[in-house]
Asker: 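Just passing along the structure, written as structure tokens.
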Amino acid sequence: MTDKKNLAGALKKYFGFDTFKGDQEAIIKNVLEGRNTFVLMPTGGGKSLCYQLPSLLMDGVAIVISPLIALMKNQVDFISHLSEKEGTAHFLNSSLNKTATDQVKADIKAGVTKLLYVAPESLTKEDNVEFLKTCKISFYAIDEAHCISEWGHDFRPEYRRIRPIINEIGSAPVIALTATATDKVRTDIKKSLGILDADEFKSSFNRPNLYYEVRQKTKDIDKDIVRFIKQHPGKSGIIYCLSRKKVEDLAEVLRANDIKAQCYHAGLDSGTRSQTQDDFLMERIDVIVATIAFGMGIDKPDVRFVIHYDIPKSLEGYYQETGRAGRDGGEGLCIAFYSHKDLQKLDKFMEGKPVAEQDIGRQLLQETAAYAETSVCRRKMLLHYFGEEYDKDNCGNCDNCLHPGTKIEAKDQLVIVLQAVLAVKENFRSDYVVDFIKGRETDEIVAHRHQELEAFGLGEDEDPKLWNPIIRQALIAGYLKKEVENYGLLKVTAAGKKFIKKPHSFMVVEDHEFNDDDETVVVEGGAGALDPTLSAMLHDLRKKWSRKLERPPYVIFQDVSIEQMATEYPVTLEELKNIQGVGDGKTRQPYAKEFVDLIRRYCDENEIERQTDLRVRTKAKDSMRKLKILQNIDRRIALDDIANALGIDFEELLDELEGIVLYSGNKINIDYFLDEIMDPDDVADICDYFADKEKDDLEAAIEEFGSDFSENEIRLVRIKFISDMAN
């Protein structure tokens, strides 16, 4: 049954579709003809149909190997609804009891079951292997095949055992499917599965309906997310976080703000996960908060937004997770929050792993950082990463294309980069090449004696921030390439060599700068964007009061407070309290009314329609912890004793105190503790330092006093200073 007419009839009969999408028909024919098949198809492209339909048409049972228990249940339910026979599809995994397992095996032996979903761990169990040896296998489908490769975003060692187990059970054609794979990963998958002869079907990675945006991650991120969801009421969304604790905490914050949300991670029991999945599919909840590490496998076509609370470990992971949005071709908003601290955390997680695995992980992280920081079209950057060229200069559906940066001429600088790559024999990665261009005598450069080369330091007089964007954009333009086998080594292409001989205009856009201390709220264009004119007026008013009160400007209002005022337009003292860094104490200051009066006049004169302000309710236990801290300080309990009583370390207590003073605008008195641990003159010296500065810069203060005082002591005095002076 491989002719076109019969296949179309089967598609209509079983799935109700009139036509195939993309390469589906060709892939299915390939499987029906018994050929090994490799399918690279983006999420939403219809991968599942490529093995579901042929399984229904072939003799025997198709073994679908998938790591996602949630996906198994979802797809088994889906196939069950299509078929008149009960038991057409089953799954075999750790969630089944003996009675259920026996029923699955009975249906397979009776020839009823056409699709059997198994986790790789279940496939390798001896009793399952012995049973499957007695069955007629139509073919093996390896879903999420990227898990087989250490270069994939979700490497699972048990996937490496699939081929030996297939050989033991009995040979049959193999179809490997994945939504994300670079050339390196694709080669690795085919080699490991023993299907180097497989016919390849590679669909475009471009999802034109998806909007990509990267935002600065600030301490106000929960409020940003609540505001975003409130702007898209009733729409389905997924939020990915780095840790289970954050997943649970954020879900609780969302529920506290009347958003129907639940958490979903591998630490929850299977019953809870199944219930949450069903609630999401049946739209009893709108938002699922999940760990990045946990593949959800939720097949829901109308997910309207995917938010990354933490940046993922790789672009493959990011692409697959964003691919859950807009699978029906409708709106799909993909928002990622980025900070250098997230990368540092992910890097730290790699400690203790084998050196080779750490090296791979760090290179994947560098690619993610490059994507986050670039100012070029995000779609172009993503597609290039997966080996696909995107011809348009402006996709019109990402933050960088909707708000393009200024381009600068970098013809001469590109020549320097290309010459540098050739000078070091095309044997190093971009970070080494940048150090070489800058003239930095690092240990590695000295070890290779590259500081003696003529090209060393050719770019030391140029803006150091230029080199990374030039390299990234030269890769996209085809003047450089990264070697697949030795991942990350820069090579000059034929076009690059031609460019050296005959340079021509090469325009680049500088990367975005992400400063972890920058608390500016950046919001999607048209929905609460910063008003630069009002921001300038508020800064001028702050300077006026700074001179009048003889206090640093940041003591009047921190930069984050000014920027948020210029975004949300508070026109009453009550609304001003909702601004980060403003509390009751600030609103009682003589200057507070002047700020809201200025904003009110500005709104009236410019006919600005203000959005209703949003006061995010925090989790009850967070509020209780802050309350306990304030009560204990009022009772003059030593701060280290407070930290011990709360079960947190001292640095975490300082984080809480900074939040209370800097971001909630509350006043506290910790003089009793400082008097015990520090000399009053030293406290006065540090306070004088902060009083003389235009900006509140903790890092600069630590650098200034680092040899005389500990970081914690400087932080404590800063908390005291801002509490006394600002609140």
Side-chain angles (χ1 to χ4, degrees), residues 1-17 20 23-39 46-66 72 75-93 101-120 122-123 125 127-143 145 162-177 193-195 197-199 201:
M1 187 186 267
T2 58
D3 66 87
K4 194 164 186 174
K5 186 176 178 182
N6 286 339
L7 263 188
L11 178 70
K12 182 70 175 175
K13 174 186 172 184
Y14 289 110
F15 293 90
F17 299 138
F20 289 100
D23 290 331
Q24 281 178 332
E25 186 177 10
I27 293 165
I28 290 165
K29 277 184 179 177
N30 216 54
V31 174
L32 290 170
E33 288 165 10
R35 299 174 61 82
N36 289 328
T37 311
F38 181 90
V39 177
K47 288 191 302 298
S48 303
L49 188 82
C50 296
Y51 56 80
Q52 287 170 344
L53 184 55
S55 74
L56 298 172
L57 302 177
M58 295 172 77
D59 291 334
V61 60
I63 308 294
V64 183
I65 301 164
S66 170
M72 292 181 196
Q75 293 205 357
V76 166
D77 288 346
F78 175 72
I79 294 293
S80 299
H81 286 127
L82 297 178
S83 175
E84 295 168 4
K85 292 181 184 175
E86 200 170 324
T88 302
H90 275 303
F91 58 79
L92 197 58
N93 59 39
T101 301
D102 289 344
Q103 182 61 54
V104 170
K105 290 181 177 179
D107 283 348
I108 294 171
K109 290 303 284 182
V112 173
T113 302
K114 308 300 289 179
L115 271 164
L116 178 67
Y117 290 83
V118 293
S122 301
L123 185 70
K125 285 183 179 173
D127 57 340
N128 289 337
V129 171
E130 290 305 314
F131 169 72
L132 291 171
K133 278 183 183 179
T134 67
C135 304
K136 178 173 175 56
I137 311 297
S138 54
F139 61 88
Y140 298 91
I142 320 299
D143 206 5
I162 290 174
R163 186 70 234 185
I165 294 297
I166 287 175
N167 293 341
E168 197 176 336
I169 293 170
S171 188
V174 172
I175 174 172
L177 309 100
L193 286 175
I195 56 167
D197 64 338
D199 295 314
F201 297 88

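Computed from a predicted structure; not experimentally measured. Position 1 is the first residue of the sequence; numbering continues from there.
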Asker: For Met58 and Lys114, which heavy atoms make the closest approach, and how far apart are they?
Answerer: O-NZ, 2.7 Å
Asker: Is a donor from one side chain sitting under 3.5 angstrom from an acceptor on the other, for Lys109 and Thr134?
Answerer: yes
Asker: For the atom pair CD1 (Ile27) and NZ (Lys47), what is the distance rounded to the nearest 0.5 Å?
Answerer: 10.5 Å
Asker: Is the shortest heavy-atom distance from the side chain of Asp23 to the side chain of Val39 under 4.5 Å?
Answerer: no
Asker: Is there a side-chain contact between Ile175 and Pro173 (heavy atoms, below 4.5 Å)?
Answerer: no
Asker: Which atom pair, heavy atoms only, marks the closest approach of Ser66 to Asp143?
Answerer: CB-CB, 4.3 Å
Asker: Distance check, rounded to the nearest 0.5 Å: Leu132 atom CG versus Asp127 atom CG?
Answerer: 9.5 Å
Asker: For the backbone of Ser55 and the side chain of Ser138, can you confirm whether one donor and one acceptor N or O come within less than 3.5 Å of each other?
Answerer: no
Asker: About how many Å separate CG of Asp107 and CG of Asp102, when rounded to the nearest 0.5 Å?
Answerer: 11.0 Å
Asker: To the nearest 0.5 Å, how far apart are OG in Ser48 and CD in Gln24?
Answerer: 9.5 Å
Asker: What closest approach, in Å, do Ala26 and Phe201 show between heavy atoms, and which atom pair accounts for it?
Answerer: CB-CE2, 3.7 Å
Asker: Measure the CD1-CD1 distance between Ile165 and Ile162 for me, rounded to the nearest 0.5 Å.
Answerer: 9.5 Å
Asker: Which pair of non-hydrogen atoms, one from Ile142 and one from Ile166, has the smallest distance, and what is that distance?
Answerer: CD1-CD1, 4.4 Å
Asker: Hey, which of Val31, Val174, Ile63 is the one that makes side chain to side chain contact (heavy atoms under 4.5 Å, CB included) with Phe139?
Answerer: Val31
Asker: With side chains defined as the heavy atoms from C-beta onward, is the minimum distance between Asp199 and Asn36 less than 4.5 Å?
Answerer: no
Asker: Identify the heavy atoms of Ala172 and Tyr140 that sit nearest to each other, and give their distance.
Answerer: CB-CE1, 3.6 Å
Asker: Going from CD1 on Ile28 to CD on Gln52, what distance comes out if it is rounded to the nearest 0.5 angstrom?
Answerer: 9.5 Å
Asker: Step through the shown structure and confirm whether more than 12 heavy atoms of other residues, nucleotides or ligands are within 6.0 Å of CZ on Arg35.
Answerer: no
Asker: Check step by step if side-chain contact (heavy atoms from CB on, under 4.5 Å) holds for Leu115 and Thr88.
Answerer: CA-CA 7 Å; Leu115 271 164; Thr88 302; over 6 Å; no
Asker: Answer whether the closest heavy-atom distance between the side chains of Ile169 and Val129 falls below 4.5 Å.
Answerer: yes
Asker: Just wondering, do Leu7 and Leu57 contact through their side chains at under 4.5 Å, heavy atoms?
Answerer: yes
Asker: Would you mind reporting whether Leu123 and Asn128 have side-chain heavy atoms less than 4.5 Å apart?
Answerer: no
Asker: Hey, does Leu193 have a side-chain heavy atom less than 4.5 Å from the side chain of Phe38?
Answerer: no
Asker: Excluding sequence neighbours, so at least two apart, what forms salt bridge (charged side-chain N to carboxylate O under 4.0 Å, His left out) with Lys125?
Answerer: none
Asker: For Phe91 versus Val104, what's the shortest heavy-atom pair and its separation?
Answerer: O-CG2, 3.9 Å
Asker: Can you check whether Phe131 reaches Ile108 side chain to side chain, under 4.5 Å on heavy atoms?
Answerer: yes
